Number of protein chains: 2
Amino acid sequence: MRKTAAPARRVTIVDVARHANVSTTAVSKVLRNAYGASPEMQAKVRQAMADLGYRPHAAARGMRGQTYSIGVMLPTIRNPFFADVLDGITELLRDAGYQVLIGPGCNGQAEEARVTETMIDHSMDGLILVAPVSSRQHLDRVAGLVPTVTVGRHGRSASYDSVADDDITGARLVVDHLVELGHRRIAHIDHLENDPDRLAEMPNAVRADGYRQAMRAHRLDEYIDIASTSYTQEGGYLGAQQLLSRLHRPTAIFAGADIVAMGALQAIAEAGLAVPDDVAVAGYDNTMFAAFAPISLTSVDQGGRQMGRNSARLILERIADRTRPATHMKLTPTLAPRRTTVTPTP
Amino acid sequence: MRKTAAPARRVTIVDVARHANVSTTAVSKVLRNAYGASPEMQAKVRQAMADLGYRPHAAARGMRGQTYSIGVMLPTIRNPFFADVLDGITELLRDAGYQVLIGPGCNGQAEEARVTETMIDHSMDGLILVAPVSSRQHLDRVAGLVPTVTVGRHGRSASYDSVADDDITGARLVVDHLVELGHRRIAHIDHLENDPDRLAEMPNAVRADGYRQAMRAHRLDEYIDIASTSYTQEGGYLGAQQLLSRLHRPTAIFAGADIVAMGALQAIAEAGLAVPDDVAVAGYDNTMFAAFAPISLTSVDQGGRQMGRNSARLILERIADRTRPATHMKLTPTLAPRRTTVTPTP
DNA sequence: CTGAAAGCGCTAACAA
DNA sequence: TTGTTAGCGCTTTCAG
């Protein structure tokens with residue numbers, strides 16, 4: 001009764017064609033909804049596909065045409081903000097009949113190159129790169145090989161589309177809010193950045209710039225104080241420790257991301273200080289954890305889900321028309337004030 | 001000067017072969033470190049590959065041989081526990097020269113089937129399925145097509161390997177701990193499960209069983225109380241609300257996962273109750289957020305990273321030998337007691 | 001509207 | 001040890 005250990009040959013278009021008494025070309029056409037297949041033929045072929053449980057082999061399709069799959073690179077899956085972005089992406093692509101595969105967390109250019117190459121090697125039809133740290137040169141090379149969209153990053157390249165948040169405004173929202181509450185010693189925790197490209201294009205760098213601009217606008221130049229660590233929980237912890245050990249410690253800390261604020265809160269708690277009375281804290285991204293009651297973190301909402309949806313739309317457009325000029329979207333953030341800056345009035 | 005919009009043809013083994021004055025077979029052999037290539041030939045070919053910036057086309061390789069890539073399916077990227085598992089997986093596979101692609105969050109069997117099919121369609125060499133909810137039938141079918149390892153799930157199939165946590169022991173650790181602290185009304189928040197397969201195999205169901213067993217062992221049968229919602233933050237929130245509205249409300253809540261405990265803490269805070277004095281809380285997974293000071297959640301550590309590493313090792317073994325008998329590993333968890341159950345003695 | 005045939009980049013038999 | 005050849009499953013000319 002049982003087949004031998006032979007790994008169960010796949011159903012191919014040849015099988016479908018035979019079953020439906022048509023040519024493989026016909027099957028291929030139906031599969032792609034291509035022009036040149038009568039309704040009867042369509043019906044016959046679809047029936048045969050259903051009967052045989054046929055599934056197109058993406059790898060094989062990729063050798064000549066499209067694979068109908070999109071690669072998404074996320075910097076890390078530990079930052080819940082990226083989950084929001086991903087939700088937006090999959091929501092839209094799923095409905096469009098595209099499959100989504102994710103490249104795993106990466107730190108630095110080498111890792112990113114590995115991930116992008118892997119996706120190209122798998123003949124993905126398009127790439128969505130979330131907050132990539134690679135050089136413009138690398139991004140342009142990738143975009144030359146496959147339609148590409150960046151999310152979060154600010155550069156306006158001619159070879160790929162982008163969706164970004166207006167981080168200057170986002171930082172200003174936080175500083176304005178804190179100043180209004182009476183703070184002057186407002187410090188910032190940043191993701192350390194040296195590369196000149198990234199200094200101009202990465203969201204963290206732009207946020208730091210926005211912070212500086214806003215402080216100056218309030219004539220608080222002398223209180224500008226940035227701890228450069230990294231956009232991780234540990235980075236926030238170490239950054240806050242630095243800031244708290246200043247001769248005059250800040251009364252408010254603006255962390256560049258919610259996950260950074262998490263670490264900062266940890267350091268503040270360990271130092272025996274109270275939030276927001278001793279030190280107020282604000283984050284960025286308005287993730288689930290910011291809204292989480294025991295934390296209740298003031299944060300900037302950049303609409304991650306919407307950014308994801310937009311990037312998906314852009315990649316589909318670019319796949320449809322590779323020659324259309326690059327589109328660059330910039331979304332306006334809003335502030336969600338919570339308990340880490342505002343003491344609730346009873 | 002510039003090339004036309006032609007999408008830059010890829011470097012293939014034909015190019016490499018021509019450049020090195022050898023056959024394509026020779027190049028293929030070098031690429032695979034296969035037997036039958038002299039050192040000089042190896043050197044020549046490798047040089048040519050470097051000169052031309054050659055990269056193997058995974059999709060094409062997949063049509064005849066291996067793609068050297070593994071698909072990892074995660075139930076969701078919102079649960080930080082899965083990040084630990086993923087870290088263990090990538091750490092090991094990267095060193096083994098394998099690429100890793102991740103299937104995006106899925107809820108329910110239909111979504112899981114989509115993801116597994118997608119990975120099979122991309123000719124992945126192996127699949128690591130983390131806490132899959134699919135039927136055994138589906139898993140066996142998948143495992144028949146491609147080497148497969150499950151993580152977290154308990155069933156001992158003959159067709160795929162598995163790595164699981166001893167969830168019975170884990171639940172007992174929590175109950176013992178709470179009983180020792182004087183608790184009797186210990187309630188549990190579970191992930192609702194109806195399917196008989198999953199009732200026996202899913203970690204959540206086994207944890208609930210372990211909870212019941214441990215309560216009975218302490219002669220606390222009458223206090224057994226389970227709120228069945230889901231393993232999400234919202235599930236924890238709703239589950240805790242249910243439990244807190246009981247006529248006699250529990251003095252301790254054992255949440256089936258840290259992320260569930262997060263939601264429970266939110267509900268408790270909103271109810272104006274204190275942790276751990278009014279209600280003690282324990283979670284499962286010992287994620288970063290359990291260790292996070294403002295939360296400081298008592299939790300069971302099942303060693304996610306180690307589970308990931310083990311699953312990666314198993315998949316490599318199975319790729320190397322498809323006929324070897326299935327291996328099933330079970331790891332023993334430990335308890336990490338923290339402030340949500342134990343008031344620090346000053 | 002339909003189908004035969006060539007070929008995508010690679011690997012696996014087989015021959016030399 | 002090396003090279004020749006025939007596909008893998010699909011799409012794409014190009015005839016019918």
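All values derive from a computational prediction rather than experimental measurement. Just so we're on the same page: letters track the sequence lines, and every chain starts at 1.
- Between the A:D161 side chain and the A:H328 main chain, no donor and acceptor come within less than 3.5 Å of each other.
- The residue A:A37 sits close only to the backbone: its heavy atoms come under 4.0 Å of sugar-phosphate atoms, none of a base.
- Here A:T148 pairs with A:L127, A:L129, A:V142, A:A143, A:V146, A:Y160 under the side-chain contact (heavy atoms from CB on, under 4.5 Å) rule; sequence neighbours left out.
- Under the salt bridge (charged side-chain N to carboxylate O under 4.0 Å, His left out) criterion, A:R55 pairs with B:E117, B:D121, not counting sequence neighbours.
- Contacts of B:E91 classified as salt bridge (charged side-chain N to carboxylate O under 4.0 Å, His left out), with partners at least two apart in sequence or in another chain: B:R305, B:R309.
- Rounded to whole Å, the distance from CE on A:M41 to C1' on C:dC1 is 8 Å.
- Looking at B:N79, its side chain never comes within 3.5 Å of a backbone N or O of B:T76 through a donor-acceptor pair.
- Bracketed by its first and final contacts, the part of DNA chain D lying under 4.0 Å from non-hydrogen atoms of chain A reaches from D:dG9 to D:dT12 in 5' to 3' order.
- Remark: side-chain polar atoms of A:D125 are paired, donor with acceptor, to backbone N or O of A:T67 under 3.5 angstrom.
- Applying the salt bridge (charged side-chain N to carboxylate O under 4.0 Å, His left out) rule to B:E112 yields no partners; only residues at least two apart in sequence or on another chain are considered.
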Please list, for nucleotides 8-12 of chain C, all pairs of protein and nucleotide N/O atoms separated by less than 3.5 Å.
residue: C:dG9; atom: N2; partner: B:A60; partner atom: O; Å: 3.4
residue: C:dC10; atom: OP1; partner: B:Y54; partner atom: OH; Å: 2.4
residue: C:dC10; atom: OP1; partner: B:H57; partner atom: N; Å: 3.3
residue: C:dC10; atom: OP2; partner: B:I13; partner atom: N; Å: 2.5
residue: C:dT11; atom: OP1; partner: B:R61; partner atom: NE; Å: 2.8
residue: C:dT11; atom: OP1; partner: B:R61; partner atom: NH2; Å: 3.2
residue: C:dT11; atom: OP2; partner: B:S28; partner atom: OG; Å: 2.8
residue: C:dT11; atom: O2; partner: B:R64; partner atom: NE; Å: 3.3
residue: C:dA12; atom: OP2; partner: B:R32; partner atom: NH1; Å: 2.6
residue: C:dA12; atom: N6; partner: B:T25; partner atom: OG1; Å: 3.3

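- A salt bridge links A:E111 with B:R94: the distance from a Lys NZ or Arg NE/NH1/NH2 to an Asp or Glu carboxylate oxygen falls below 4.0 Å.
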